[in-house]
Every structure is written in C-alpha cells, then in structure tokens.
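One structure is given below, encoded as structure tokens.
Residue numbering restarts at 1 for every chain, and letters A, B, ... go by the order of the sequence lines.
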Protein chains: 2
Amino acid sequence: MRKIRNMEEFAEVSGISRPTVSKYFHDPDSVRDSTRKRIEAALAKYDYRPNMFAVNQNRKLTKNVGIVVPYLADPYFAEIARNIEERCIEAGFHPSLFSAHGKPELENAILDNLRALKPAGVLFAPLGRRNSDKKVIEDFCRDVPTILFDSNIEGVGAAFIGSDNASFVNQTVDYLHRSGDIPCFFEMRYPANPNAIRRRDAYIAAMDRLGMEPHVVAVEGTGWAFEEIGRQGALKLLESDALPTRTVLCSNDRLAIGFLSACYDRGIVVGFGPDCDLRVASMDDHPYSRFTCPPLTTAAHDYDAVARLTVETLLKLIESDGTLGERYERLISTRLILRASA
Amino acid sequence: MRKIRNMEEFAEVSGISRPTVSKYFHDPDSVRDSTRKRIEAALAKYDYRPNMFAVNQNRKLTKNVGIVVPYLADPYFAEIARNIEERCIEAGFHPSLFSAHGKPELENAILDNLRALKPAGVLFAPLGRRNSDKKVIEDFCRDVPTILFDSNIEGVGAAFIGSDNASFVNQTVDYLHRSGDIPCFFEMRYPANPNAIRRRDAYIAAMDRLGMEPHVVAVEGTGWAFEEIGRQGALKLLESDALPTRTVLCSNDRLAIGFLSACYDRGIVVGFGPDCDLRVASMDDHPYSRFTCPPLTTAAHDYDAVARLTVETLLKLIESDGTLGERYERLISTRLILRASA
DNA sequence: GCCTATTATTTTCGCGCGTAAAATTTCTGT
DNA sequence: ACAGAAATTTTACGCGCGAAAATAATAGGC
C-alpha cells in the first residue's frame with residue numbers, strides 16, 4: 001500500500017480536493033456527508049494525519065496552549081502541570097509543556113519558541129520577579145494571551161491565579177497556636193520561589209495579630225535542592241540547639257521533608273503528643289507529604305481548583321479575543337490537612 | 001522602531017539578502033566577516049529570531065531531539081529527563097520533552113507529533129512492551145533515528161541504554177545476605193514499568209544461587225501511584241503478619257517509600273541493628289530516597305552515566321546517518337548505596 | 001423544469017523559511 | 001591590473017498546509 005506523505009497525496013487517494021480535506025480535518029461536520037464518508041474510508045486505509053507544525057504555521061487561531069513552569073523536577077510543579085495538561089486536552093486544546101529548569105536564559109528561550117508555536121494562549125508560572133527577565137515577559141504578554149499562575153508579576157499578563165499565601169500561613173499558625181504551641185518559621189534566606197517571601201510576611205503578620213513575637217529562622221543555600229537545604233539547615237540548628245521554639249512551620253513541604261530527615265537523623269521524635277520532641281508543619285501538600293515519617297501536617301493547595309480555574313480563565317481569555325478588560329487576580333485559599341507531624 | 005516579522009524584513013533592514021541571512025543563522029561562520037558584522041549590528045537593534053517551526057519544516061537535517069518518557073510526574077523520570085535535556089543543549093541540540101502520562105494513546109500521539117518536528121533523533125523511554133503499541137513504535141523507529149532507554153523493546157530502535165537490573169538485584173540481595181538476612185521481594189503484581197519483571201526474575205535467580213527459597217510478595221493495584229500502592233500493600237501485610245521474612249527488598253524506591261510509611265504507621269522500627277524490627281532495601285536511588293526515614297539503602301542508577309551514554313549514542317547515530325550497524329545494547333550496572341534502612 | 005439561494009468544492013495565493021543553480025560581486029595573489 | 005577562487009546575490013522553487021475568492025453543485029420554490 002502506498003505511503004501517504006502529505007495532504008496532497010491523501011486527497012488524491014481519497015478522490016477529494018486538498019482544501020476540502022483540509023476543511024474536513026478542521027471540522028469534520030463542515031463537509032457533505034458523502035464527502036466525509038469517502039474521506040473516512042481513505043483514512044481507515046491509509047492512516048494519514050496532518051502535520052501539526054505546518055498547520056500551526058498557517059492557521060489564524062490554533063488550538064495550542066503553552067504551559068511553562070520554572071522547575072519540572074519539583075513534584076509540585078510536575079503535579080500541577082499534569083493536571084493542567086489534562087484539562088487542556090479535555091477542552092480540545094493541544095498543550096505543550098516546558099520547564100525553565102530554574103534558569104532565566106532558558107525561560108527566555110522558551111518564550112521565544114512559544115511565539116513560533118502561535119499558541120491560542122499560554123499558562124505561565126514564571127521563575128519570579130527577582131529571577132525572571134521582566135522586560136522579556138512583558139513583551140511576550142503583549143503579543144500572546146497569557147495567564148500567570150503560581151507566581152505573580154504585577155501588571156503582567158491578563159490574569160493571575162495563585163495561592164492565597166496568607167491563608168496558608170494563617171490556617172497553619174492558627175492551628176498550631178490553638179493546639180497549644182507557637183511556631184517559628186523555617187525558610188530559605190534567599191528562596192528560589194517568590195511565594196516564600198509572601199509566606200514569611202504573612203507569618204510575621206499572623207504572629208503580630210496573636211500578640212506573639214515572630215521567630216524567622218532562615219537557612220543558607222540557593223537553587224532548587226530544597227530538601228537538601230532544609231536538611232543541612234536543620235542539622236545545624238539541631239546541633240547548636242538554636243531552634244527558638246519546639247514547633248516549626250516550614251515555608252514549604254520540600255524544606256519540611258529535609259527537616260524531618262534531619263530530625264530522624266538526630267533521633268528527635270516529631271509529632272503531636274506528649275512523647276514527641278518537636279512539631280513540624282508545612283505548606284503545599286506536596287505529593288509525597290503524606291508518605292513522610294511522620295506524615296506532614298500541611299496547608300494543601302487545591303490542585304484541582306487551580307488547574308480548573310487557570311484553564312477556564314484561559315478559555316475565557318481566548319474567546320474574548322485576548323482582552324479580559326480588567327486584569328483578573330484570584331488567590332485560592334488552602335485546606336488544612338492534619339497529619340501526624342503536628 | 002520598526003517591528004520585524006520575518007526573515008525577509010530582517011534581511012531588508014540589515015542590507016543583506018535573505019538567503020545569506022538564512023546561511024548566517026544556520027552557521028554564523030559561513031558568511032564573510034563584514035557580512036556577519038552587519039547582520040549582528042541589525043540583530044542588536046531589531047532583535048529578530050527565525051521561526052523555529054518554519055525552519056524545521058524546511059531544513060533537511062534539524063538540530064531537534066525529542067525526549068519521551070512514560071510518566072514525568074515520577075521524579076525518577078523527571079530527574080533523568082532533566083539530565084538528558086541539559087546534555088543535549090550542551091551538544092548544541094534543541095530538546096523537546098514529552099510525557100505519555102502513562103497512557104498508550106498519548107504515547108502514540110506524541111510519536112505522531114514528533115514526526116512533524118523532523119527530529120535529528122529521539123530518545124525514547126517507552127511505556128513498555130505490555131503497554132506500548134509495538135507496531136506504532138516500530139513504524140516510528142523505521143522513519144526516525146531512535147534510541148530506547150530505561151525500557152527495552154526487543155529489536156526496536158537503533159540502540160538500547162538501560163539498567164542492568166540483574167546487577168541491581170544481585171548487589172542488594174548479596175549485601176542483605178552477607179549482613180545476615182534473607183530478603184523477600186516486594187512488588188506490584190501488575191507493574192506499570194517492565195523493568196519490574198526483570199527484577200523479579202533476577203531476584204528468584206539470585207536466591208536460587210544462594211540455595212535459598214525465594215519469596216515474592218506481590219501486591220495489588222495498577223497505575224503510577226506506586227507510593228500509595230506500596231503503602232496499602234504493606235499495611236495489609238503487616239496487619240495479617242503475612243511478611244515471610246524480616247528483610248524486604250522492594251522492587252523500586254517509590255514502593256519502598258510507601259512501605260516505610262506503612263511501617264511508621266504501625267510503629268514498626270525499620271533499620272539495620274538489634275533494636276530494629278525490619279530491614280527495607282530498594283532500587284533506583286530515587287531523588288528522595290536519601291530523605292526518607294530511615295534513609296533508604298538502595299541500588300543507585302548512575303543518572304549521569306545513563307544521560308551521557310544515551311546522548312553520546314544518539315550523536316553517533318545522527319552522525320552515522322541513522323544506522324549504527326548492529327543494534328547496540330548497553331546495560332549500566334548499579335552502585336550500592338548503604339543507608340540506615342538496611 | 002427553470003431560476004435563485006445556499007452550500008460545497010476548487011482555484012489561487014500566502015505563511016516563513018531552506019536550498020539549489022546561475023549570475024554577480026568581492027577578495028587573493030601576482 | 002588581471003585571472004581565478006570564494007563569497008554573495010538573484011532567481012526560482014519547494015515544504016505542508018490554511019484561507020479567501022471564484023466556481024460548481026445541490027436544494028427549494030414556483
């Protein structure tokens with residue numbers, strides 16, 4: 001059987017002109033019944049599919065969406081990306097996933113290539129105000145309908161869907177306080193992700209409200225190896241007995257995983273109860289936080305809601321032709337998950 | 001300042017003909033010095049870049065490489081993919097990463113789109129012989145220089161770079177045996193990843209060599225939520241006291257993470273020593289295995305070597321025009337990492 | 001059965017670029 | 001200043017397809 005190389009050849013063997021075949025692939029219902037049947041018969045025999053990239057080059061409005069995350073080897077982003085991807089597919093779009101691997105140059109390169117993909121829209125979690133190249137992103141958002149998520153850059157993009165970091169912090173601090181303890185705040189001094197800064201501020205504000213003195217414990221280390229940074233930082237703190245309180249609120253679950261590892265190493269019993277030395281809570285509901293020992297008490301992202309809302313907002317943006325009017329900002333609050341660690 | 005929309009316009013403002021500009025972008029050293037200077041001057045002013053997808057459509061040999069993994073939310077694949085991506089970039093190629101999200105239909109769709117990308121080569125970790133659509137993959141490999149990794153499909157692709165599963169199992173079993181115990185083998189009855197089957201066989205063979213009776217403990221559950229499957233399986237086993245030995249070798253680290261979680265839940269002390277109830281070892285050196293409690297004794301992949309060898313082999317394959325002669329197979333053996341869990 | 005209104009299909013052109021061949025310019029050495 | 005080589009430009013085409021305009025086919029009304 002003859003091998004079909006392009007739409008021309010396929011049109012030939014199906015006995016229909018190429019543009020009509022093209023119409024069929026754009027929308028099978030836009031051609032006559034008899035025509036559709038003939039095309040589908042040929043399709044069964046020859047197994048041809050249009051070249052996606054040639055299609056993109058020509059179509060005025062594509063069904064592509066770009067998804068860009070700062071670091072895909074972080075399971076939090078892997079999980080949120082997977083959710084978003086699947087919702088895009090459900091909505092009839094074709095998602096392409098990119099990771100900046102923590103590098104601003106790569107982020108810029110990704111945006112450049114994305115332009116060529118002519119995406120109907122882009123869902124973009126930037127490296128952050130401090131790390132991203134703001135001018136490049138602004139230019140990009142002017143040309144391509146873009147929705148930021150996870151990490152905001154003020155005034156850039158048509159919308160921002162993020163986490164209500166204050167609610168994350170308030171709920172965990174409140175819970176720890178009500179159950180009898182005052183947490184210190186464990187974080188990276190120079191965090192890779194900008195949400196960390198909002199969480200720190202929210203922690204200080206929450207402690208103020210409670211009339212308590214805030215204790216921020218910042219550890220050294222840069223990059224995305226949060227677990228190792230958390231572990232090393234915790235080891236140092238535990239050795240020098242420098243922890244200001246017996247309850248620790250970690251800025252995120254990956255740091256907490258490292259912290260728990262250090263505690264185990266030092267024989268410190270983590271948990272909520274009379275025979276425990278330390279309570280450790282955290283934020284994100286990282287996919288593994290339920291499998292740590294002890295399982296992490298954490299403020300959970302609503303992965304599902306974030307994915308749904310970002311994709312819905314993008315669809316609206318696309319339908320409304322790239323302008324939602326006012327820049328839409330939406331912070332999704334958390335759900336506290338009580339596990340054994342605190 | 002005028003906005004440049006394509007190479008034509010850019011050629012205009014730089015005062016050079018379009019084909020020469022095209023040559024420049026293909027290889028800046030292929031044009032005269034004075035020409036290059038003029039182009040680069042214009043480049044600084046106008047910030048133009050060729051449309052990647054239009055380039056791909058026309059170039060006979062592109063610098064694209066496709067990377068396909070079965071499940072990117074698995075940190076093992078995220079880590080190996082990140083390594084491979086970075087090596088490709090170093091080698092001057094342009095990698096595109098795809099995840100089948102565990103679904104054969106998606107895997108097929110990815111291969112289809114990959115064809116349109118005209119990649120110089122593809123690095124492909126298939127879902128596996130049982131799950132992948134073998135015919136689709138065979139067809140693909142006939143058309144595109146492809147190297148399989150992680151999971152082999154006999155006779156398909158120009159080469160296979162994988163793990164020497166036997167060495168993984170032998171080293172862990174040997175170590176556990178020498179240090180005084182006989183392990184049972186903890187696995188999924190219907191594993192998502194085909195390496196699991198080779199590991200089981202290797203375990204049985206290893207036990208035979210030692211003159212011991214093998215004990216395979218297979219737990220139910222399908223899909224890619226290995227930690228949860230391991231946890232539920234372990235809980236059941238521990239409750240009914242059905243574990244045949246006091247030493248457990250898990251088929252992979254993610255199962256082991258779930259297993260450890262169950263042990264913690266039941267108050268069972270895992271580790272190597274007189275006051276421990278159970279030893280747990282595993283395989284993969286998953287990025288988090290050093291942070292579990294206790295840290296996992298595991299047979300480590302040489303991530304670096306795998307990434308280097310796959311990319312090197314692909315480069316050879318590309319240079320040799322798609323035919324390496326004999327199908328090249330290489331299994332990389334493991335390095336045992338002793339931690340506290342066993 | 002004839003004419004118009006409504007699809008459906010074909011014609012023609014364009015997207016942004018690579019590539020090959022021929023014509024022209026520039027450079028090198030003398 | 002001149003022959004020959006090397007680089008560049010011109011010209012022309014192709015890639016695989018979408019989209020608007022032009023044409024053909026069908027349906028409806030009388």
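For the salt bridge (charged side-chain N to carboxylate O under 4.0 Å, His left out) test, residues two or more places apart in sequence or in another chain that qualify with B:Arg87 are B:Asp304. Shown here are the salt bridge (charged side-chain N to carboxylate O under 4.0 Å, His left out) partners of B:Asp139, two or more places apart in sequence or in another chain: B:Lys135, B:Arg142. The side-chain contact (heavy atoms from CB on, under 4.5 Å) check on A:Lys118 picks up A:Thr62, with sequence neighbours excluded. Looking at residues two or more places apart in sequence or on another chain, you find a salt bridge (charged side-chain N to carboxylate O under 4.0 Å, His left out) between B:Arg115 and B:Asp143. For A:Glu8, the salt bridge (charged side-chain N to carboxylate O under 4.0 Å, His left out) test picks out no residue, with sequence neighbours left out. For B:Pro50, the side-chain contact (heavy atoms from CB on, under 4.5 Å) partners two or more places apart in sequence, or in a different chain, are B:Met7, B:Phe25, B:Tyr48, B:Val55. Not a single side-chain contact (heavy atoms from CB on, under 4.5 Å) links A:Ala109 to another residue, sequence neighbours left out.
A salt bridge links A:Glu79 with A:Arg82; the closest basic N to acidic carboxylate O contact falls under 4.0 Å. One finds a salt bridge joining A:Glu86 and B:Lys103 here, because a Lys/Arg side-chain nitrogen approaches an Asp/Glu carboxylate oxygen to under 4.0 Å.
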Under 3.5 Å between N/O atoms: give me all the protein pairs with nucleotides 25-27 of chain C, atom names plus distance.
{"unit_1": "C:dT26", "atom_1": "O3'", "unit_2": "B:Arg32", "atom_2": "NH1", "d": "3.1"}

What pairs of nitrogen or oxygen atoms, one from the protein and one from nucleotides 14-20 of chain C, lie under 3.5 Å apart?
{"unit_1": "C:dG14", "atom_1": "N2", "unit_2": "A:Asn58", "atom_2": "OD1", "d": "3.0"}
{"unit_1": "C:dC15", "atom_1": "O2", "unit_2": "A:Asn58", "atom_2": "OD1", "d": "2.3"}
{"unit_1": "C:dG16", "atom_1": "N2", "unit_2": "B:Asn58", "atom_2": "OD1", "d": "3.2"}
{"unit_1": "C:dG16", "atom_1": "N2", "unit_2": "B:Asn58", "atom_2": "ND2", "d": "2.7"}
{"unit_1": "C:dC17", "atom_1": "OP1", "unit_2": "B:Tyr48", "atom_2": "OH", "d": "2.6"}
{"unit_1": "C:dC17", "atom_1": "OP1", "unit_2": "B:Asn51", "atom_2": "N", "d": "2.8"}
{"unit_1": "C:dC17", "atom_1": "OP2", "unit_2": "B:Met7", "atom_2": "N", "d": "2.3"}
{"unit_1": "C:dC17", "atom_1": "OP2", "unit_2": "B:Tyr48", "atom_2": "OH", "d": "3.4"}
{"unit_1": "C:dC17", "atom_1": "O2", "unit_2": "B:Asn58", "atom_2": "ND2", "d": "2.8"}
{"unit_1": "C:dG18", "atom_1": "OP2", "unit_2": "B:Ser22", "atom_2": "OG", "d": "2.5"}
{"unit_1": "C:dG18", "atom_1": "N7", "unit_2": "B:Arg18", "atom_2": "NH1", "d": "3.2"}
{"unit_1": "C:dG18", "atom_1": "O6", "unit_2": "B:Arg18", "atom_2": "NH2", "d": "2.8"}
{"unit_1": "C:dT19", "atom_1": "OP1", "unit_2": "B:Lys60", "atom_2": "N", "d": "3.2"}

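Two end axes, each from the C1' atoms of five base pairs, can be drawn for the helix from C:dG1-D:dC30 to C:dT30-D:dA1; they diverge by 20°, to 10 degrees.
Listed pair A:Thr20 / C:dT10 meets the phosphate criterion, a side-chain N or O lying under 4.0 Å from OP1 or OP2.
The salt bridge (Lys or Arg N to Asp or Glu O under 4.0 Å) contacts involving residues 54-75 of chain B comprise B:Asp74-B:Arg254, where partners must be two or more places apart or lie in separate chains.
Surrounding CD of B:Glu326 are at most 12 heavy atoms belonging to other residues, nucleotides or ligands under 6.0 Å away.
Here the options are B:Trp224, B:Tyr71, B:Tyr303, the test is ring pair (Phe, Tyr, Trp, His ring centres under 6.0 Å), and the partner is B:Tyr76; only B:Tyr303 passes.
Here the range on DNA chain D touched by chain A, meaning any atom under 4.0 Å from one of its heavy atoms, is D:dG16 to D:dT26.
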